[in-house]
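Input: a single structure, listed below in C-alpha cells.
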Amino acid sequence: MAVTTLPAQRTLDVPAVLKECGLAAFVAFALAAPMVGLETLPLTGGLGINTRFGAVAYAAVLVFFGRLGFALLRAGYPVPVLIASLVFAAVLISLLLTGADQILPFKSLILNWFIALLAVVITVRAAWALHRPTAEMAARERENVMDRVGIAVLRGARWLGPLAIAVAIALPFLPFADRRFLDLAILVMTYVMLGWGLNIVVGLAGLLDLGYVAFYAVGAYSFALLALHFDLGFWVSLPLAGLMAAGAGVLLGFPVLRLRGDYLAIVTLGFGEMIRIILVNWYSFTNGPDGLSGIPRPSFFGFPFTRRPAEGTMSFHQLFDVDFASIQRIIFLYYVILVLALVTNMFTLRLRKLPLGRAWEALREDEVACRSLGINPTNTKLTAFGIGAMFAGIAGSFFATRQGFISPESFTFIESAIILSIVVLGGMGSQIGVVVAAILLIGMPEWFRELGQFRMLAFGAGMVLIMIWRPRGLLAHRDPTIRLNRDGDFEAPG
Amino acid sequence: MAYFLQQLINGITLGAIYGLIAIGYTMVYGIIGMINFAHGEIYMIGAFISVICFTALGLLGITWVPLALLIVLVIAMVFTAVYGWTVERIAYRPLRGSSRLAPLISAIGMSIFLQNDVQLLQGARIKPLQPVIEGGFILTEMDGFAVHLGYIQIFIVFLTVVLMALFSVFIARTDIGRAQRACEQDRTMAGLLGVNVDRTISLAFVMGAALAAVAGTMVVLYYGVVHFYIGFLAGIKAFTAAVLGGIGSLPGAMLGGLLIGLIEVFWSAYFTIEYKDVAAYSILVLVLIFRPTGLLGKPEVEKV
C-alpha cells in the first residue's frame, strides 16, 4: 500500500471563527467600556467624566483581529496572517518612531509599543507556521522541550550548582557590576533565600503558606529592636532574630496545622495581615507606621565600613589597607546574603535526606498513609513551618540591616504572594527553579523600572501567563527520592 | 442600650454587604473546591463601575433616584459579570485538572493585574460620590442618644433580602440552579449526565460577580467613596464570612456575612477600632480550629 502524506488540513469554519472572534471582541468591549471608556476625574465638589470611546473601539477591534489571526493560524492559513500582522506592526512601529503616535487612540507610549510587540509576535508565529505547518504539534513539542529542560537541569544539578555558585561568587568583580546591578543582585538573592525557605514549607511539606512575610517581618523587627535597644551587633542579632521568627512560626503554626490545603492558606494569610496590623498599631513598641530607622549597618566582623571610624577602632579599608569606597559595603552585603542563601540551600538539601525530610515529602503526598505509618503529622508539619520561618527571619534581619530602615509597608500580602509565586513558578521543590523564578520575577521587573506604572500590571499578567503555560512550574520535574535498584536494595539518586 | 441598638443597625448593614460578596466565594468553592482569589477585586470593580455610572447619569441629567439606582445596579451587575467570566476563562479554565496551587497563583496574578489595571485607568485617588440616598429617621431617643436609621440602610438590607430570596429560588428551582447543585456534588457524574460543566462553572463565577457588583454599589452608596485597594480586605472578610457560615452553603454565607459585620462593628464600638481587622482574622482562625465545617456546613468525609 502506498503511503500518502496528507497535506496540512485546511478547514475553515467561517461562521464558527467569526462567532469566536465576535465573542472575544464583545468581551473586550464590555471589559473596556466602563473602565476605559469613562474616566472619572476629580473636580471640585464631585467627579467629572472624560470619555475615551475611541480607545474602547480600538481595543475591541484589536482583540477581534488578534483572535482572528490566531484562529486562522490554527486552521492553517498563515499567509494572510503574516501579511496583515507584518503590515500592522510596520505601520505602528513607524508611527511610534516618527513620533506621530498621537493619532492613535491609546495615548500611552508603553501600551502602543506593547501592541506593536504583540503584532511582531503574531508575525513570527505566522512565519513559523509557514515553516512548520502543524501548530498543534509545536505546542506539544514545546511542552516536551521544557520537560526535558527540567529533567536535564535536575540531572545536571551536580555541575550546574557549583557553576552557578562560581558565577555568583565572581559576580561583584565582573566589569558590568556597578552599584545598581549589585543592589539588584542583593535583592534577587534575598528573594532566592526567601524562596528556598518557603520551599521547605510549600515544596517539601506541601503546606500552602500565604503569610510567609509575617516571619520575614518578625525577623526584621526582632533584629532592629535588638540592635536598637540592646546594642547587639549584626552577627549576634542574626541568629537571635532567626530563633524568634522560628518561635513565631511554631506558635502560629501549632493551632492551625491540622487544617488542610486552602484553609491553611487563608489562615496563614490572616496571620500575615494580623502581624502587619499589630506592627502598624503597637506604636510604643514598633513605632507604628513611621517605622524604625537608624538600624546599624553590618560590620566586617567588627570592622565598620566607614571612611572615618570612631576613635580607637579600625575600619574595613584601614584593615586591608585599601582606599575607601562605598561599594565595598555593597559587595560585603552581597556576600553575606549569598552565604546565607547557600546555607539555607545546603540545610534543605541535607534535611531532605534525613528521616524528617522524608516524612515531609511523604506527608505532602499522602497524609492518611503517613498517619497510619506512625508519623505524627502535626509535629512533622510544625518542624517544617518552624524551620521555614527561621530562614525567613534571618532573611528579614538581613533586609533590616541592608535598608537601615523598616516599616510595616515592606511586609504586605503582596510580598507573600511574590515569594509564593517564586516557589510555584520555579517548580515546587526545585531549588534551581527558585533561582530562575527569582531572577525572572524580581530581576526583570526591577530592570524594567522604566515601565513605571505598568510594572505591577505586567507582573500580574506575567504570573497568570507563566502559570497557564507551565502549570507545574518552569523547572518541574520530580525524581523519586528513593528507588529500588536491581539487587533489590534502596538507593538514593543524586 | 441606644448605642447598642445603633451598632446593631450598622452591623446588620455591613453584614449584608459582606454576605453578598461571600456568596461568590461559597459558590465557586462549592463547585471547583478552590478559593477565587480575584473575587475581592471583582467587588472593587463593581464599586468602581457604579461610581462611574452614577457620575455619568448625573451628567446626563437622570437624577430621579429610583431610576438611577435601577440603571446603575443593572449596568454594574452586567459589566462586572463579564469581569467574573473573564477571570474564570483566563485564570481558571486553562488550569483545570492541574495541581491546586496553579489556579491559586494565576488568580493571585489576576488580582494584582486587576488592581493595577483599575489604578492605571481610573487613577490612584479616592473617588468620592455625592450621597444618593439621604436622610432617615430617628428610631428612638434614649439617654440623650438618638438611634438613627438611614434610608440607605433600609435600602441595603431590603435589597439584600430580596436578592437572597430570588437567588435561593433560582438555585432551587431552575435548570441552571440544578446544574450548579449537581456539579457541586459530583462534577464528573454531572458531566456524564449531560450537564455542561464548563458553562456551569462559568455561571458560578458570573453570578458571584453580579452579586459582588451589587455589594460594590451598596458600599459606594453607604460610604460614598471608592478606592482601587478596597477589594483585598473586603475579599478576606467575605471569605471569612463564607468559611464561618460553612463554605459551600448559601444561607451559611449570608449568616456568616451578618456575623462578621456585627462582630466588626461591635468590636470597633466597644474595643479598639485599630484592631477590628485582627478581630475578623481571629474569628476565622478560631472557627477553622474548632469547627472547620462552619456553622451550617456539612462535615467533610475523608476517603482513602
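Reminder, nothing fancy here: chain letters follow the sequence lines and each chain counts from 1.
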Go through the steps for B/Tyr229 and B/Gln119 under the test side chain to side chain donor-acceptor pair (under 3.5 Å), then give the verdict.
-> CA-CA 9 Å; B/Tyr229 200 64; B/Gln119 187 192 353; over 6 Å; no
Using the benzene-type ring in the case of Trp, are the ring centres of A/Phe254 and A/Phe385 under 6.0 Å apart?
-> no
Do you know which of B/Arg125, B/Gln122, B/Lys127, B/Met110 has the most heavy-atom pairs with chain A at a distance under 4.5 angstrom?
-> B/Gln122
Does atom CZ of A/Phe114 have more than 12 heavy-atom neighbours, drawn from other residues, nucleotides or ligands, at distances under 6.0 Å?
-> no
So, the part of B/Leu59 with a heavy atom under 4.5 Å from chain A: the answer is side chain
Side chain from CB out, backbone as N, CA, C, O: work out which of these in B/Phe239 comes under 4.5 Å of a heavy atom of chain A, or both, or neither.
-> side chain
Does the pair B/Val219 and B/Val226 meet the rule for a side-chain contact (heavy atoms from CB on, under 4.5 Å), with working shown?
-> CA-CA 8 Å; B/Val219 157; B/Val226 63; over 6 Å; no
Pick from A/Leu457, A/Val464, A/Val202, A/Leu420 with the largest number of heavy-atom pairs that fall under 4.5 Å of chain B = A/Leu457
Residue part contacting chain A, namely of B/Ile236, when any heavy atom lies under 4.5 Å | side chain
Atom group of B/Ile35 that falls short of 4.5 Å from chain A, counting heavy atoms | both
Test item: side-chain donor near acceptor, A/Asp290 and A/Tyr283, under 3.5 Å | yes
Quick one: which of A/Met467, A/Met463, A/Arg52 has the most heavy-atom pairs under 4.5 Å with chain B, could you say?
-> A/Met467
In Å, rounded to the nearest 0.5 Å, how long is the span from CD1 of B/Ile263 to OH of B/Tyr18?
-> 11.0 Å
Using non-hydrogen atoms and a 4.5 Å limit, figure out which bit of B/Val243 sits close to chain A: side chain, backbone, both or neither.
-> side chain
Contact part of A/Val424 toward chain B, heavy-atom cut-off under 4.5 Å: side chain, backbone, both or neither?
-> side chain
Chain A contacts, top residue of B/Tyr275, B/Trp85, B/Phe54 (heavy-atom pairs, under 4.5 Å) = B/Tyr275
Just give me the residue among A/Ile278, A/Val27, A/Leu31, A/Leu465 that pairs up with chain B most often, heavy atom to heavy atom, under 4.5 Å.
-> A/Leu31
Side chain, backbone, both or neither: which part of B/Leu129 has a non-hydrogen atom closer than 4.5 Å to chain A?
-> neither
Full working for side-chain contact (heavy atoms from CB on, under 4.5 Å) between A/Leu210 and A/Phe271 | CA-CA 9 Å; A/Leu210 282 180; A/Phe271 275 145; over 6 Å; no
What part of A/Phe459 gets closer than 4.5 Å to chain B, counting heavy atoms only: side chain, backbone, both or neither?
-> side chain
CG of A/Leu425 to CD1 of A/Ile418: how many Å apart, nearest 0.5 Å?
-> 11.0 Å
SB check A/Glu367 A/Lys381 (cutoff 4.0 Å) = yes
When the ring planes of A/Phe413 and B/Phe232 are compared, do they come out parallel, tilted or perpendicular, using 30° and 60° as the limits?
-> parallel
Please flag which part of A/Val280 lies under 4.5 Å from any non-hydrogen atom of chain B: side chain, backbone, both or neither.
-> neither
Quick one: what part of A/Ala369 sits under 4.5 Å from any heavy atom of chain B, side chain, backbone, both or neither?
-> neither
Donor + acceptor pair across side chains of A/Glu415, A/Tyr212 (<3.5 Å) | no
A/Ile466 versus chain B, the contacting section by heavy-atom distance below 4.5 Å | neither
A/Asn199 (side chain) donor-acceptor with A/Gly195 (main chain) under 3.5 angstrom | no
Could you look at A/Leu269 and say if it's the side chain, the backbone, both or neither that has a heavy atom under 4.5 Å from chain B?
-> side chain
Is it the side chain or the backbone of B/Leu114 that comes within 4.5 Å of chain A heavy atoms, both, or neither?
-> neither
Name the region of B/Leu121, side chain, backbone, both or neither, that has any atom closer than 4.5 Å to a heavy atom of chain A.
-> both
